[in-house]
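These values consider heavy atoms only, across backbone and side chains, with no hydrogens, waters or symmetry-generated copies. Bear in mind that the values here come from a model prediction, so they are computed numbers and not experimental data.
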Amino acid sequence: MKRRSFLKQATAGVAATGGAVLASPVFAQDAPSISWRLASSFPTSADAIYNGSVNFAKHMAEATDGKFKVSVHHAGEVVPALQVLDAVQNNTVQCGHSAAYYYYGKDPALSFDAAVPFGLNTRQYNAWMRSGNGLALTREVYKKFNIVNFPCGHTGTQMGGWFRKEINGVEDLKGLKMRCSAFAGAVLSRLGVIPQQVAGGDIYPSLEKGTIDAAEWIGPYDDEKLGFNKVAKYYYYPGWWEGGFQVSLYVNDGEYEKLPKRYQSAIMQASALATEEMIGTYDAKNPGALRRLIAGGGVLKRFPKSVLDASFAEATKVYEELSAKDPLFKKIHDDYMAFRNDVYPWFGVAEFSYDAFMLDALRNKK
């Protein structure tokens with residue numbers, strides 16, 4: 001009996017110190033049995049991002065000896081894809097898995113919990129959220145919506161999207177109907193784009209019917225599965241509005257406060273492990289998908305520098321205007337950008353210089 005008890009405690013210690021396995025703690029037999037519903041903003045066809053919620057539910061069951069069960073519902077099954085925040089706020093469901101910038105219209109400051117134009121990349125974002133002020137600051141915004149947020153997935157830097165025509169300069173953006181996130185749309189609209197906010201499952205038919213002229217979703221793996229290359233030819237990069245995209249778990253604060261502390265801790269650990277699994281999936285599957293898309297006729301193109309420069313300038317103006325209107329937006333913006341401006345030079349010294357050398361070395365090797 002002593003040996004079994006020791007092994008359980010030792011295994012729990014692995015999770016506490018960052019091990020790859022989320023251990024099952026020793027639960028008292030009278031620990032409550034709980035069943036929650038989770039509404040996702042993502043279709044099952046986008047399995048890499050959708051599975052962030054599936055993995056979270058699996059880890060919650062494992063961590064609580066099956067006492068905490070979360071049933072996962074895909075976009076539209078319980079509530080529409082873009083109404084997950086409302087459903088959690090109103091306790092229609094106890095939790096949700098969504099992208100904060102879907103709710104830009106409710107409060108632009110929410111976007112700092114997902115991605116903002118010319119922001120942090122994935123590594124930097126993770127650092128700001130977990131070792132900087134990111135989690136505490138974003139929770140100040142969610143408090144207005146009766147929600148406690150947890151990072152629950154990263155996709156990496158996203159692509160700029162699929163276009164029916166080439167973009168050779170800013171003039172080619174005028175009148176373009178493009179599916180994009182609301183914050184990106186606030187910037188692009190200043191350059192003549194007509195932004196369209198369309199849920200992931202509705203992008204393909206909208207492109208096919210010509211309702212939109214261009215669309216960004218996530219990256220090669222998801223874009224290949226959804227078949228965007230069949231209805232648009234030019235594949236642009238980088239997605240400057242999503243240098244690092246974070247998906248979040250939303251928990252109704254009333255339901256969260258009713259949980260025993262051990263269950264609250266399990267939520268934190270399960271969402272953290274689901275986050276690691278998601279970025280691992282994307283980093284493993286995007287390279288092959290990109291090669292197949294190009295082999296299948298997709299034309300890979302970088303946004304012209306003139307477009308990137310103009311977008312950066314307009315993004316700066318949008319930030320200034322939003323900061324002037326909302327003290328909380330300004331508070332988060334100032335902290336986020338200070339972190340960005342401080343961390344990028346270090347990445348330039350180490351990460352980016354190494355990556356640049358490796359790319360050249362591999363090209364020359366061929």
Where does the angle between the aromatic ring planes of Trp128 and Tyr125 fall among parallel (under 30°), tilted (30 to 60°) and perpendicular (over 60°)?
-> perpendicular
Taking it one step at a time, do Arg363 and Asp360 satisfy salt bridge (charged side-chain N to carboxylate O under 4.0 Å, His left out)?
-> CA-CA 5 Å; Arg363 289 192 190 102; Asp360 285 341; 3.2 Å; yes
Short side-chain to backbone donor-acceptor contact, Ser111 and Ala115, under 3.5 Å = no
Shared ILVMFWY cluster between Leu82 and Val247, side chains joined below 4.5 angstrom?
-> yes
Side chain to side chain donor-acceptor pair (under 3.5 Å) pairs, two or more places apart, involving residues 297-309 = Glu166-Lys301, Lys305-Asp309
Indicate yes or no: at least one non-hydrogen side-chain atom of Ile34 is less than 4.5 angstrom from one of Leu259.
-> yes
Hits for side-chain contact (heavy atoms from CB on, under 4.5 Å) against Arg139, two or more places apart or cross-chain, chain-then-number order -> Leu135, Val148, Asn149, Phe150
Taking side-chain contact (heavy atoms from CB on, under 4.5 Å) as the test, write out the residues that go with Ser45, two or more places apart.
-> Pro43, Leu226
Counting distance only, does the side-chain N/O of Gln124 pair as donor-acceptor with the main-chain N or O of Asn121 below 3.5 Å?
-> yes
Spacing of CD belonging to Gln196 relative to CG belonging to Leu176, to within rounding of 0.5 Å = 10.0 Å
Are His154 and Phe245 close enough that their ring centers fall under 6.0 Å?
-> no
For Phe118, which residues count as a ring-ring contact (aromatic ring centres under 6.0 Å, His included) partner, sequence neighbours excluded?
-> Trp240, Phe312
Side-chain donor/acceptor of Arg179 to backbone N/O of Glu216, under 3.5 Å = yes
Mind checking the CD1-NE2 spacing from Ile267 to His59? Nearest 0.5 Å is all I need.
-> 14.0 Å
Would Arg190 and Glu321 satisfy salt bridge (charged side-chain N to carboxylate O under 4.0 Å, His left out), going step by step from the backbone distance to the final call?
-> CA-CA 13 Å; Arg190 293 167 176 252; Glu321 292 170 8; 2.4 Å; yes
How about Lys58: does its NZ atom have over 12 heavy atoms from other parts shown lying under 6.0 Å from it?
-> yes
Got a second to check how far Lys331's NZ is from Asn133's CG, nearest 0.5 Å?
-> 9.0 Å
Partners meeting side-chain hydrogen bond (donor to acceptor under 3.5 Å, both in side chains) with Lys106 (sequence neighbours left out) = Asp86
Pairwise side-chain contact, Leu38 with Val78, heavy-atom cut-off 4.5 Å (strictly under) = no
Residues which pass salt bridge (Lys or Arg N to Asp or Glu O under 4.0 Å) with Glu208, listed by chain and number, not counting sequence neighbours = none
Look only at the side chain of Asp326 and the backbone of Leu322, and say whether a donor-acceptor pair between them is shorter than 3.5 Å.
-> no
Report whether Ile279 and Trp217 are members of the same hydrophobic cluster (ILVMFWY, side-chain heavy atoms less than 4.5 Å apart, transitive linking).
-> no
Kindly check if the number of other-residue, nucleotide or ligand heavy atoms within 6.0 Å of NZ (Lys143) is above 12?
-> no
Near Lys144 NZ, under 6.0 Å, is it more than 12 heavy atoms from other residues, nucleotides or ligands?
-> yes
Atom OG in Ser41, atom CD1 in Ile49: separation rounded to 0.5 Å?
-> 9.0 Å
Are Tyr354 and Val343 linked, directly or through other ILVMFWY residues, by side chains that come within less than 4.5 angstrom of each other?
-> no
Report yes if the side chains of Tyr101 and Leu110 come closer than 4.5 Å at any heavy-atom pair, otherwise no.
-> no
Mind checking whether Val93 and Tyr103 sit in one hydrophobic cluster, side chains of I, L, V, M, F, W, Y counted as touching below 4.5 Å?
-> yes
Atom CD of Glu140 and atom CD1 of Ile332: how far apart are they, to the nearest 0.5 Å?
-> 6.5 Å
Quick one: list whatever passes side-chain contact (heavy atoms from CB on, under 4.5 Å) with Thr44, sequence neighbours left out.
-> Tyr50, His74
Derivation of the side chain to side chain contact (heavy atoms under 4.5 Å, CB included) call for Val251 and Trp36 | CA-CA 10 Å; Val251 178; Trp36 277 9; 3.6 Å; yes
With Tyr221, which of Thr155, Asn286, Asp47, Thr281 fulfils side chain to side chain donor-acceptor pair (under 3.5 Å)?
-> Asp47
Can you list every pair that meets ring pair (Phe, Tyr, Trp, His ring centres under 6.0 Å) and has a residue in residues 164-207, with sequence neighbours left out?
-> Tyr104-Phe183, Phe183-Tyr319
Examine distances only and state if a side-chain atom of Gln94 and a backbone atom of Arg37 form a donor-acceptor pair shorter than 3.5 Å.
-> yes
Looking at side-chain heavy atoms only, is the closest gap between Lys177 and Thr211 below 4.5 Å?
-> no
Partner of Pro117 under side-chain contact (heavy atoms from CB on, under 4.5 Å), chosen from Leu188, Val187, Thr316 = Val187
Kindly write out the residues that satisfy salt bridge (Lys or Arg N to Asp or Glu O under 4.0 Å) with Glu77, not counting sequence neighbours, or none if the list is empty.
-> none
Are Ile194 and Leu173 connected in a single hydrophobic cluster, I mean Ile/Leu/Val/Met/Phe/Trp/Tyr linked by side-chain heavy atoms less than 4.5 Å apart?
-> no
Contact list for residues 243-256, test side chain to side chain donor-acceptor pair (under 3.5 Å), sequence neighbours left out | Asn91-Glu255, Asp113-Gln246, Asp113-Ser248, Tyr142-Tyr250, Glu255-Lys258
If a pair satisfies salt bridge (Lys or Arg N to Asp or Glu O under 4.0 Å) and one of its residues is in residues 333-346, list it, with sequence neighbours excluded.
-> Lys330-Asp334
Compare all side-chain heavy atoms of Tyr235 with those of Val299 and state whether any distance is below 4.5 angstrom.
-> no
Over 12 non-hydrogen atoms of neighbours within 6.0 angstrom of CZ in Arg291 = no
Kindly say whether Met178 contributes a backbone atom to a donor-acceptor pair with the side chain of Asp213 at under 3.5 angstrom?
-> no
Would a line drawn from the ring center of Trp162 to the ring center of Tyr234 be shorter than 6.0 Å?
-> no
Kindly indicate whether the side chain of Phe145, heavy atoms from C-beta on, has any atom under 4.5 Å from the side chain of Leu85.
-> yes
Kindly say whether the aromatic ring centers of Phe163 and Tyr236 come within a distance under 6.0 Å.
-> yes
Rounded to the nearest 0.5 angstrom, the OH-OG1 distance for Tyr336 and Thr138 is 11.5 Å
For Ala266 and Thr64, work out which heavy atoms get closest and say how close.
-> CB-CG2, 4.3 Å
Residues which pass salt bridge (Lys or Arg N to Asp or Glu O under 4.0 Å) with Glu351, listed by chain and number, not counting sequence neighbours = Arg123
Just do the side chain to side chain contact (heavy atoms under 4.5 Å, CB included) check on Phe329 and Val141 with the steps written out, would you?
-> CA-CA 9 Å; Phe329 182 96; Val141 188; over 6 Å; no
Would you say Val84 and His73 make side-chain contact, with heavy atoms under 4.5 Å?
-> no
